[in-house]
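Okay, structure first, notes after.
Per chain, numbering begins at 1; letters A, B, ... match sequence-line order.
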Number of protein chains: 2
Amino acid sequence: MSHSVYGRLMSVDRTQVLRAAAALLSRKATATMDEVARAAGIGRATLHRQFAGRDALVRALEELGLQELEAAQDRARTDEGPADEAVRRLVAEVEPVAPLLSFLVTENQLFEGDQQNEGWARLDARVSDLFRRGQEEGTFRIDLTPAWLTEALYGLIGSGAWAVQDGRVAAKDFQYMIVELLLGGARRSVEK
Amino acid sequence: MSHSVYGRLMSVDRTQVLRAAAALLSRKATATMDEVARAAGIGRATLHRQFAGRDALVRALEELGLQELEAAQDRARTDEGPADEAVRRLVAEVEPVAPLLSFLVTENQLFEGDQQNEGWARLDARVSDLFRRGQEEGTFRIDLTPAWLTEALYGLIGSGAWAVQDGRVAAKDFQYMIVELLLGGARRSVEK
DNA sequence: ATTGAGTGAGACATTGATGTCTCATTCGGT
DNA sequence: ACCGAATGAGACATCAATGTCTCACTCAAT
(Lines give C-alpha, C1' and ligand atoms only; values in the text may rest on other atoms or scores of the structure.)
Protein backbone atom coordinates (compact mmCIF):
# COMPACT_ATOMS: atom_id res chain seq x y z
CA MET A 1 0.00 0.00 0.00
CA SER A 2 3.01 2.21 -0.02
CA HIS A 3 2.24 3.95 3.19
CA SER A 4 5.36 5.23 4.82
CA VAL A 5 6.08 4.91 8.50
CA TYR A 6 4.76 8.40 8.91
CA GLY A 7 1.30 7.27 7.87
CA ARG A 8 1.40 9.58 4.91
CA LEU A 9 2.66 8.98 1.49
CA MET A 10 5.68 10.95 0.45
CA SER A 11 3.47 13.93 0.88
CA VAL A 12 4.58 17.29 2.13
CA ASP A 13 5.05 17.29 5.85
CA ARG A 14 1.94 19.03 7.08
CA THR A 15 3.59 20.16 10.28
CA GLN A 16 6.55 21.53 8.44
CA VAL A 17 4.26 23.58 6.23
CA LEU A 18 2.47 24.84 9.30
CA ARG A 19 5.72 25.94 10.88
CA ALA A 20 6.72 27.83 7.78
CA ALA A 21 3.30 29.46 7.67
CA ALA A 22 3.57 30.37 11.33
CA ALA A 23 6.98 31.92 10.82
CA LEU A 24 5.78 34.00 7.89
CA LEU A 25 2.38 35.04 9.19
CA SER A 26 3.88 35.99 12.53
CA ARG A 27 5.95 38.57 10.72
CA LYS A 28 3.47 39.54 8.03
CA ALA A 29 -0.07 38.79 9.11
CA THR A 30 -1.47 39.79 5.72
CA ALA A 31 0.69 37.39 3.72
CA THR A 32 -1.13 35.84 0.79
CA MET A 33 -1.72 32.12 0.26
CA ASP A 34 0.82 32.25 -2.54
CA GLU A 35 3.42 33.79 -0.26
CA VAL A 36 2.74 31.18 2.38
CA ALA A 37 3.16 28.44 -0.18
CA ARG A 38 6.46 29.83 -1.42
CA ALA A 39 7.67 30.33 2.14
CA ALA A 40 6.93 26.68 2.77
CA GLY A 41 8.71 25.72 -0.44
CA ILE A 42 5.64 24.16 -2.02
CA GLY A 43 3.21 25.06 -4.76
CA ARG A 44 0.04 26.94 -4.11
CA ALA A 45 -2.01 23.99 -5.35
CA THR A 46 -0.38 21.69 -2.84
CA LEU A 47 -1.00 24.14 -0.05
CA HIS A 48 -4.64 24.12 -1.06
CA ARG A 49 -4.72 20.34 -1.02
CA GLN A 50 -3.52 20.37 2.56
CA PHE A 51 -5.73 23.19 3.81
CA ALA A 52 -9.08 23.86 2.24
CA GLY A 53 -8.56 27.61 2.40
CA ARG A 54 -7.11 30.45 4.33
CA ASP A 55 -9.53 29.94 7.17
CA ALA A 56 -8.62 26.28 7.41
CA LEU A 57 -4.95 27.21 7.45
CA VAL A 58 -5.41 29.70 10.23
CA ARG A 59 -7.50 27.26 12.22
CA ALA A 60 -4.82 24.60 11.81
CA LEU A 61 -2.28 27.17 12.90
CA GLU A 62 -4.44 27.84 15.91
CA GLU A 63 -4.45 24.14 16.73
CA LEU A 64 -0.69 24.00 16.46
CA GLY A 65 -0.27 27.07 18.60
CA LEU A 66 -2.63 25.81 21.26
CA GLN A 67 -0.87 22.46 21.35
CA GLU A 68 2.51 24.09 21.78
CA LEU A 69 1.21 26.47 24.39
CA GLU A 70 -0.34 23.69 26.41
CA ALA A 71 2.87 21.73 26.09
CA ALA A 72 4.75 24.79 27.31
CA GLN A 73 2.44 25.04 30.28
CA ASP A 74 3.00 21.38 31.06
CA ARG A 75 6.74 21.73 30.92
CA ALA A 76 6.59 24.84 33.07
CA ARG A 77 4.67 22.88 35.72
CA THR A 78 2.69 25.99 36.53
CA ASP A 79 0.98 24.35 39.48
CA GLU A 80 4.16 23.56 41.33
CA GLY A 81 6.38 25.65 43.55
CA PRO A 82 6.18 29.35 44.27
CA ALA A 83 3.85 31.16 41.88
CA ASP A 84 6.37 33.79 40.83
CA GLU A 85 8.89 31.15 39.88
CA ALA A 86 6.19 29.32 37.97
CA VAL A 87 5.50 32.50 36.00
CA ARG A 88 9.19 32.70 35.24
CA ARG A 89 9.23 29.14 33.94
CA LEU A 90 6.07 29.74 31.94
CA VAL A 91 7.47 32.76 30.11
CA ALA A 92 10.66 30.88 29.41
CA GLU A 93 8.79 27.95 27.90
CA VAL A 94 6.42 30.13 25.93
CA GLU A 95 9.14 32.27 24.38
CA PRO A 96 9.63 30.12 21.25
CA VAL A 97 5.91 30.31 20.53
CA ALA A 98 5.63 34.02 21.31
CA PRO A 99 5.40 35.32 17.75
CA LEU A 100 2.78 32.74 16.83
CA LEU A 101 0.86 33.50 20.01
CA SER A 102 0.92 37.16 19.15
CA PHE A 103 -0.40 36.46 15.66
CA LEU A 104 -3.20 34.24 16.91
CA VAL A 105 -4.30 36.66 19.60
CA THR A 106 -4.51 39.48 17.07
CA GLU A 107 -6.31 37.22 14.62
CA ASN A 108 -8.76 36.28 17.34
CA GLN A 109 -9.75 39.78 18.30
CA LEU A 110 -10.34 40.51 14.62
CA PHE A 111 -13.09 37.98 14.07
CA GLU A 112 -15.28 38.56 17.03
CA GLY A 113 -18.59 36.94 16.26
CA ASP A 114 -17.50 33.48 15.20
CA GLN A 115 -17.18 31.18 18.15
CA GLN A 116 -13.58 30.73 19.08
CA ASN A 117 -11.67 27.61 19.86
CA GLU A 118 -12.32 26.36 23.36
CA GLY A 119 -8.62 25.76 23.73
CA TRP A 120 -8.16 29.43 24.53
CA ALA A 121 -10.52 29.15 27.45
CA ARG A 122 -8.52 26.23 28.83
CA LEU A 123 -5.31 28.15 28.36
CA ASP A 124 -6.68 31.29 29.97
CA ALA A 125 -8.06 29.30 32.86
CA ARG A 126 -4.71 27.73 33.57
CA VAL A 127 -2.83 31.00 33.52
CA SER A 128 -5.54 32.63 35.52
CA ASP A 129 -5.36 29.83 38.09
CA LEU A 130 -1.66 30.38 38.42
CA PHE A 131 -2.14 34.03 39.29
CA ARG A 132 -4.98 33.18 41.65
CA ARG A 133 -2.80 30.64 43.37
CA GLY A 134 -0.12 33.26 43.78
CA GLN A 135 -2.63 35.57 45.36
CA GLU A 136 -3.83 32.94 47.79
CA GLU A 137 -0.28 32.13 48.73
CA GLY A 138 0.34 35.79 49.42
CA THR A 139 2.92 36.14 46.68
CA PHE A 140 0.84 38.31 44.37
CA ARG A 141 -1.18 41.37 45.17
CA ILE A 142 -4.90 40.87 45.25
CA ASP A 143 -5.99 44.20 43.81
CA LEU A 144 -5.12 43.11 40.26
CA THR A 145 -7.55 40.47 39.04
CA PRO A 146 -6.23 37.19 37.67
CA ALA A 147 -8.14 37.92 34.45
CA TRP A 148 -6.26 41.17 33.99
CA LEU A 149 -2.91 39.65 34.87
CA THR A 150 -3.57 36.97 32.26
CA GLU A 151 -4.46 39.57 29.68
CA ALA A 152 -1.42 41.61 30.60
CA LEU A 153 0.84 38.59 30.25
CA TYR A 154 -0.39 38.03 26.70
CA GLY A 155 0.03 41.70 25.93
CA LEU A 156 3.56 41.85 27.25
CA ILE A 157 4.54 38.70 25.39
CA GLY A 158 3.18 40.20 22.21
CA SER A 159 4.96 43.48 22.77
CA GLY A 160 8.14 41.63 23.60
CA ALA A 161 7.95 39.52 20.47
CA TRP A 162 7.54 42.60 18.28
CA ALA A 163 10.20 44.55 20.11
CA VAL A 164 12.65 41.72 19.51
CA GLN A 165 11.59 41.40 15.89
CA ASP A 166 12.20 45.09 15.31
CA GLY A 167 15.47 44.99 17.16
CA ARG A 168 14.34 47.37 19.88
CA VAL A 169 15.05 44.72 22.48
CA ALA A 170 17.78 42.11 22.37
CA ALA A 171 16.45 38.58 21.98
CA LYS A 172 18.40 37.41 24.97
CA ASP A 173 16.59 39.91 27.18
CA PHE A 174 13.11 38.80 26.12
CA GLN A 175 12.35 36.67 29.16
CA TYR A 176 13.95 38.98 31.65
CA MET A 177 12.20 42.11 30.45
CA ILE A 178 8.79 40.50 30.47
CA VAL A 179 9.07 38.63 33.73
CA GLU A 180 10.67 41.47 35.62
CA LEU A 181 8.11 43.99 34.51
CA LEU A 182 5.21 41.66 35.08
CA LEU A 183 6.36 40.57 38.50
CA GLY A 184 8.25 43.55 39.82
CA GLY A 185 6.94 46.50 37.88
CA ALA A 186 8.89 49.52 36.80
CA ARG A 187 9.16 51.16 40.16
CA ARG A 188 12.29 50.65 42.11
CA SER A 189 11.38 48.66 45.17
CA VAL A 190 12.96 48.35 48.59
CA GLU A 191 13.56 44.65 48.33
CA LYS A 192 16.31 43.42 46.00
CA MET B 1 -18.15 82.79 -2.13
CA SER B 2 -20.48 81.15 0.35
CA HIS B 3 -17.80 79.80 2.57
CA SER B 4 -19.03 79.18 6.10
CA VAL B 5 -17.14 80.18 9.18
CA TYR B 6 -15.77 76.67 9.28
CA GLY B 7 -14.03 77.23 5.99
CA ARG B 8 -16.11 74.50 4.42
CA LEU B 9 -19.49 74.59 2.91
CA MET B 10 -22.19 72.57 4.54
CA SER B 11 -19.97 69.65 3.94
CA VAL B 12 -19.67 66.69 6.18
CA ASP B 13 -17.53 67.44 9.18
CA ARG B 14 -14.28 65.73 8.36
CA THR B 15 -13.31 65.34 11.97
CA GLN B 16 -16.66 63.85 12.85
CA VAL B 17 -16.24 61.27 10.10
CA LEU B 18 -12.79 60.48 11.39
CA ARG B 19 -14.11 59.94 14.89
CA ALA B 20 -16.77 57.58 13.63
CA ALA B 21 -14.18 55.71 11.59
CA ALA B 22 -11.91 55.51 14.60
CA ALA B 23 -14.68 54.13 16.75
CA LEU B 24 -15.57 51.47 14.21
CA LEU B 25 -12.08 50.45 13.11
CA SER B 26 -10.94 50.24 16.71
CA ARG B 27 -13.51 47.53 17.23
CA LYS B 28 -13.36 45.91 13.81
CA ALA B 29 -10.04 46.59 12.10
CA THR B 30 -11.16 44.87 8.90
CA ALA B 31 -14.26 47.01 8.43
CA THR B 32 -14.93 47.89 4.81
CA MET B 33 -15.11 51.39 3.37
CA ASP B 34 -18.84 50.94 3.01
CA GLU B 35 -19.18 50.01 6.67
CA VAL B 36 -17.12 53.02 7.67
CA ALA B 37 -19.32 55.26 5.57
CA ARG B 38 -22.51 53.90 7.10
CA ALA B 39 -21.03 54.15 10.58
CA ALA B 40 -20.31 57.80 9.89
CA GLY B 41 -23.81 58.26 8.56
CA ILE B 42 -22.67 59.30 5.09
CA GLY B 43 -22.61 57.75 1.65
CA ARG B 44 -19.67 55.81 0.35
CA ALA B 45 -19.16 58.33 -2.43
CA THR B 46 -18.88 61.16 0.06
CA LEU B 47 -16.41 59.21 2.13
CA HIS B 48 -14.35 58.78 -1.00
CA ARG B 49 -14.52 62.48 -1.72
CA GLN B 50 -13.07 63.21 1.70
CA PHE B 51 -10.41 60.51 1.66
CA ALA B 52 -8.89 59.33 -1.59
CA GLY B 53 -8.89 55.72 -0.44
CA ARG B 54 -8.53 53.39 2.44
CA ASP B 55 -4.89 54.25 2.83
CA ALA B 56 -5.66 57.94 2.94
CA LEU B 57 -8.32 57.30 5.55
CA VAL B 58 -5.95 55.34 7.74
CA ARG B 59 -3.26 57.96 7.36
CA ALA B 60 -5.73 60.67 8.36
CA LEU B 61 -6.72 58.52 11.29
CA GLU B 62 -3.07 58.27 12.18
CA GLU B 63 -2.78 62.04 12.11
CA LEU B 64 -5.78 62.40 14.36
CA GLY B 65 -4.49 59.80 16.78
CA LEU B 66 -1.04 61.35 16.91
CA GLN B 67 -2.53 64.78 17.53
CA GLU B 68 -4.66 63.51 20.37
CA LEU B 69 -1.78 61.55 21.85
CA GLU B 70 0.51 64.54 21.78
CA ALA B 71 -2.23 66.62 23.32
CA ALA B 72 -2.62 63.98 26.01
CA GLN B 73 1.09 64.12 26.68
CA ASP B 74 0.94 67.88 26.96
CA ARG B 75 -1.93 67.77 29.40
CA ALA B 76 -0.17 65.10 31.42
CA ARG B 77 2.88 67.36 31.73
CA THR B 78 5.09 64.32 31.58
CA ASP B 79 8.21 66.32 32.29
CA GLU B 80 7.01 67.67 35.60
CA GLY B 81 6.99 66.21 39.07
CA PRO B 82 7.84 62.66 40.13
CA ALA B 83 8.11 60.29 37.18
CA ASP B 84 5.72 57.71 38.57
CA GLU B 85 3.03 60.29 39.06
CA ALA B 86 3.67 61.55 35.56
CA VAL B 87 3.10 58.04 34.24
CA ARG B 88 -0.15 57.96 36.16
CA ARG B 89 -1.29 61.20 34.58
CA LEU B 90 -0.20 60.05 31.16
CA VAL B 91 -2.24 56.86 31.29
CA ALA B 92 -5.24 58.80 32.56
CA GLU B 93 -5.02 61.27 29.69
CA VAL B 94 -4.41 58.60 27.08
CA GLU B 95 -7.32 56.42 28.13
CA PRO B 96 -9.89 57.99 25.79
CA VAL B 97 -7.57 57.41 22.83
CA ALA B 98 -6.60 53.90 23.89
CA PRO B 99 -8.71 51.95 21.38
CA LEU B 100 -7.50 54.12 18.51
CA LEU B 101 -3.93 53.84 19.71
CA SER B 102 -4.28 50.08 19.78
CA PHE B 103 -5.65 50.04 16.24
CA LEU B 104 -2.89 52.25 14.90
CA VAL B 105 -0.12 50.28 16.57
CA THR B 106 -1.45 47.05 15.10
CA GLU B 107 -1.89 48.68 11.71
CA ASN B 108 1.68 49.94 11.90
CA GLN B 109 3.29 46.62 12.58
CA LEU B 110 1.34 45.20 9.64
CA PHE B 111 2.83 47.37 6.96
CA GLU B 112 6.48 47.21 7.77
CA GLY B 113 8.35 48.44 4.75
CA ASP B 114 6.60 51.72 4.06
CA GLN B 115 8.14 54.55 5.99
CA GLN B 116 6.04 55.39 8.98
CA ASN B 117 4.91 58.74 10.24
CA GLU B 118 7.65 60.54 12.14
CA GLY B 119 5.07 61.45 14.75
CA TRP B 120 5.52 58.03 16.29
CA ALA B 121 9.18 58.67 16.82
CA ARG B 122 8.41 61.92 18.61
CA LEU B 123 5.83 60.17 20.74
CA ASP B 124 8.14 57.30 21.58
CA ALA B 125 10.94 59.67 22.42
CA ARG B 126 8.81 61.58 24.86
CA VAL B 127 7.58 58.49 26.65
CA SER B 128 11.04 57.07 26.62
CA ASP B 129 12.40 60.29 28.09
CA LEU B 130 9.89 60.05 30.89
CA PHE B 131 11.09 56.61 31.87
CA ARG B 132 14.70 57.67 31.54
CA ARG B 133 14.05 60.62 33.78
CA GLY B 134 12.48 58.30 36.32
CA GLN B 135 15.57 56.15 36.24
CA GLU B 136 17.89 59.08 36.72
CA GLU B 137 15.82 60.31 39.61
CA GLY B 138 16.06 56.88 41.20
CA THR B 139 12.35 56.24 40.98
CA PHE B 140 12.51 53.53 38.30
CA ARG B 141 14.75 50.52 38.10
CA ILE B 142 17.56 50.80 35.62
CA ASP B 143 17.65 47.17 34.45
CA LEU B 144 14.59 47.67 32.25
CA THR B 145 15.40 49.85 29.27
CA PRO B 146 13.28 52.94 28.54
CA ALA B 147 12.64 51.50 25.08
CA TRP B 148 11.17 48.36 26.58
CA LEU B 149 9.12 50.24 29.15
CA THR B 150 7.71 52.36 26.34
CA GLU B 151 6.85 49.27 24.34
CA ALA B 152 5.33 47.65 27.38
CA LEU B 153 3.20 50.69 28.08
CA TYR B 154 1.74 50.53 24.59
CA GLY B 155 1.15 46.82 24.96
CA LEU B 156 -0.59 47.16 28.28
CA ILE B 157 -2.77 49.98 27.01
CA GLY B 158 -3.75 47.83 24.06
CA SER B 159 -4.48 44.83 26.25
CA GLY B 160 -6.44 47.01 28.61
CA ALA B 161 -8.51 48.50 25.83
CA TRP B 162 -9.44 45.06 24.52
CA ALA B 163 -10.09 43.65 27.96
CA VAL B 164 -12.50 46.49 28.63
CA GLN B 165 -14.12 46.08 25.24
CA ASP B 166 -14.71 42.39 25.87
CA GLY B 167 -15.93 43.04 29.37
CA ARG B 168 -13.13 41.12 31.03
CA VAL B 169 -12.13 44.23 32.92
CA ALA B 170 -14.42 46.99 34.17
CA ALA B 171 -13.93 50.28 32.36
CA LYS B 172 -13.49 52.12 35.62
CA ASP B 173 -10.51 49.92 36.49
CA PHE B 174 -8.68 50.59 33.22
CA GLN B 175 -6.26 53.18 34.54
CA TYR B 176 -5.65 51.48 37.84
CA MET B 177 -4.91 48.07 36.36
CA ILE B 178 -2.46 49.43 33.82
CA VAL B 179 -0.64 51.87 36.05
CA GLU B 180 -0.39 49.55 39.00
CA LEU B 181 0.95 46.69 36.97
CA LEU B 182 3.34 48.87 35.04
CA LEU B 183 4.67 50.64 38.09
CA GLY B 184 4.34 48.12 40.83
CA GLY B 185 4.23 44.76 39.11
CA ALA B 186 2.28 41.73 40.17
CA ARG B 187 4.42 40.74 43.08
CA ARG B 188 3.35 41.80 46.49
CA SER B 189 5.91 44.25 47.74
CA VAL B 190 6.99 45.23 51.22
CA GLU B 191 6.08 48.85 50.79
CA LYS B 192 2.40 49.79 50.76
C1' DA C 1 -37.58 81.55 -6.60
C1' DT C 2 -33.09 80.66 -8.39
C1' DT C 3 -28.57 78.93 -8.09
C1' DG C 4 -25.04 75.77 -7.32
C1' DA C 5 -22.14 73.27 -4.12
C1' DG C 6 -22.48 69.07 -1.77
C1' DT C 7 -24.64 64.83 -1.19
C1' DG C 8 -26.64 59.74 -1.49
C1' DA C 9 -27.60 55.98 -4.23
C1' DG C 10 -26.41 53.07 -7.49
C1' DA C 11 -24.12 51.40 -11.85
C1' DC C 12 -19.77 50.07 -13.51
C1' DA C 13 -14.87 48.76 -14.23
C1' DT C 14 -10.77 47.26 -11.83
C1' DT C 15 -7.98 44.93 -8.87
C1' DG C 16 -6.12 41.33 -5.84
C1' DA C 17 -6.78 37.23 -3.57
C1' DT C 18 -9.08 32.95 -3.54
C1' DG C 19 -10.53 28.53 -4.98
C1' DT C 20 -10.84 24.96 -8.79
C1' DC C 21 -9.11 22.41 -12.40
C1' DT C 22 -5.91 20.29 -15.79
C1' DC C 23 -1.70 18.35 -17.16
C1' DA C 24 3.02 17.23 -17.47
C1' DT C 25 6.53 15.81 -14.29
C1' DT C 26 8.77 13.85 -10.38
C1' DC C 27 9.82 10.33 -7.33
C1' DG C 28 9.20 6.48 -4.12
C1' DG C 29 7.69 1.75 -3.91
C1' DT C 30 7.60 -2.47 -6.20
C1' DA D 1 11.95 -0.49 -15.56
C1' DC D 2 7.29 0.30 -14.39
C1' DC D 3 3.35 2.20 -11.86
C1' DG D 4 0.85 5.47 -9.54
C1' DA D 5 0.42 8.83 -6.00
C1' DA D 6 1.68 13.51 -5.20
C1' DT D 7 3.44 17.59 -6.82
C1' DG D 8 4.31 22.29 -9.36
C1' DA D 9 2.94 25.36 -12.65
C1' DG D 10 -0.30 27.67 -14.80
C1' DA D 11 -5.00 28.63 -16.78
C1' DC D 12 -9.41 29.90 -15.34
C1' DA D 13 -13.62 31.37 -12.85
C1' DT D 14 -15.22 33.68 -8.74
C1' DC D 15 -15.65 36.95 -5.22
C1' DA D 16 -15.19 40.94 -2.39
C1' DA D 17 -13.52 45.36 -1.88
C1' DT D 18 -12.02 49.35 -4.12
C1' DG D 19 -12.22 53.31 -6.93
C1' DT D 20 -14.78 56.04 -10.58
C1' DC D 21 -18.60 58.04 -12.50
C1' DT D 22 -23.36 59.67 -13.33
C1' DC D 23 -27.55 61.63 -11.87
C1' DA D 24 -31.27 63.22 -9.27
C1' DC D 25 -31.97 65.57 -5.00
C1' DT D 26 -31.31 68.59 -0.91
C1' DC D 27 -30.45 72.79 1.06
C1' DA D 28 -28.09 77.05 2.32
C1' DA D 29 -27.05 81.45 0.35
C1' DT D 30 -28.69 84.98 -2.37
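The base of D:dG19 is not paired with the side chain of B:R54 by any donor and acceptor separated by under 3.5 Å.
Per the geometry, CG belonging to A:L47 stands 17 Å off P belonging to D:dG10, to the nearest Å. Separating the CG atom of B:D55 from the P atom of D:dA17 is a distance of 16 Å, rounded to the nearest angstrom. Here the P atom of nucleotide C:dT18 and the CZ atom of A:F51 are 15 Å apart, to the nearest Å. To the nearest angstrom, P of C:dA17 lies 13 Å from NE2 of A:H48.
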**OP:** For the pair B:R19 and B:D13, evaluate salt bridge (charged side-chain N to carboxylate O under 4.0 Å, His left out) and give the outcome as yes or no after the intermediate values.
**Re:** CA-CA 10 Å; B:R19 296 206 176 280; B:D13 184 349; over 6 Å; no

Subject >> Check against side chain to side chain contact (heavy atoms under 4.5 Å, CB included), A:E62 and A:L66 >> reply: CA-CA 6 Å; A:E62 194 174 37; A:L66 285 171; 4.2 Å; yes

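Note that OG1 of B:T145 and CZ of A:R168 are 10.5 Å apart. Values are rounded to the nearest 0.5 Å.
Dashed line: the shortest gap from a side-chain N or O of A:T46 to OP1 or OP2 of D:dG8 is under 4.0 Å. Note on A:T32: a side-chain N or O is less than 4.0 Å away from OP1 or OP2 of C:dT18.
Side-chain contact check for B:R88 versus B:E180: some heavy-atom pair is nearer than 4.5 Å. For the pair A:V127 and A:Q73, the minimum side-chain heavy-atom distance is below 4.5 Å. A 4.5 Å side-chain heavy-atom check between A:Q50 and A:I42 finds every atom pair outside the cut-off.
Both A:D34 and A:R49 lie close to DNA chain C; mapped to their nearest nucleotides by heavy-atom distance, the more 5′-ward contact belongs to A:D34.
Remark: B:G41, B:I42, B:G43, B:R44, B:A45 in residues 37-45 of chain B come within less than 4.0 Å of DNA chain C through at least one heavy atom.
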